[in-house]
Amino acid sequence: MYCPRCERTIKKEKLEELDQELKRRFDRDSIERGKCPVCDTPLIQLNKEEL
């Protein structure tokens, strides 16, 4: 997943772990809703070919 505003990539393997951490620490479910946890911009799914 990629945030075009922050220009950051979140690896698919870490999405679930990061989502649980954000919920536990900050009570945020933005990744679950497909949004960047930092700026709330919709995340973009990247294909392997694009990486």
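Numbers here are sequence positions counted from 1. Everything numeric in this text was worked out from a predicted model, so none of it was measured.
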Which value, rounded to the nearest 0.5 Å, describes the distance between Arg24 atom CZ and Gln20 atom CD?
-> 9.5 Å
4.5 Å side-chain heavy-atom contact, Pro4 and Ile44 | yes
Residues, nucleotides or ligands: over 12 heavy atoms within 6.0 Å of Glu16 CD | no
Those residues at least two apart in sequence (or on a different chain) that pass side-chain contact (heavy atoms from CB on, under 4.5 Å) with Pro42 are none
Mind checking whether Gln45 and Lys12 have side chains closer than 4.5 Å, heavy atoms only?
-> yes
Output a table of donor-acceptor pairs, distance under 3.5 Å, between side-chain atoms of residues 29-39 and any protein atom two or more places apart or on a different chain; print 'none' if there are none.
{"residue": "Asp29", "atom": "OD1", "partner": "Arg33", "partner atom": "NE", "Å": "3.0"}
{"residue": "Glu32", "atom": "OE2", "partner": "Lys23", "partner atom": "NZ", "Å": "2.2"}

Identified side chain to side chain contact (heavy atoms under 4.5 Å, CB included) partner of Tyr2 from the options Ile10, Leu46, Leu43 = Leu46
Quick one: do Leu18 and Met1 satisfy side chain to side chain contact (heavy atoms under 4.5 Å, CB included)? Show the steps, please.
-> CA-CA 12 Å; Leu18 184 58; Met1 301 298 276; over 6 Å; no
How far does CD of Glu21 sit from NZ of Lys14, to the nearest 0.5 angstrom?
-> 9.5 Å
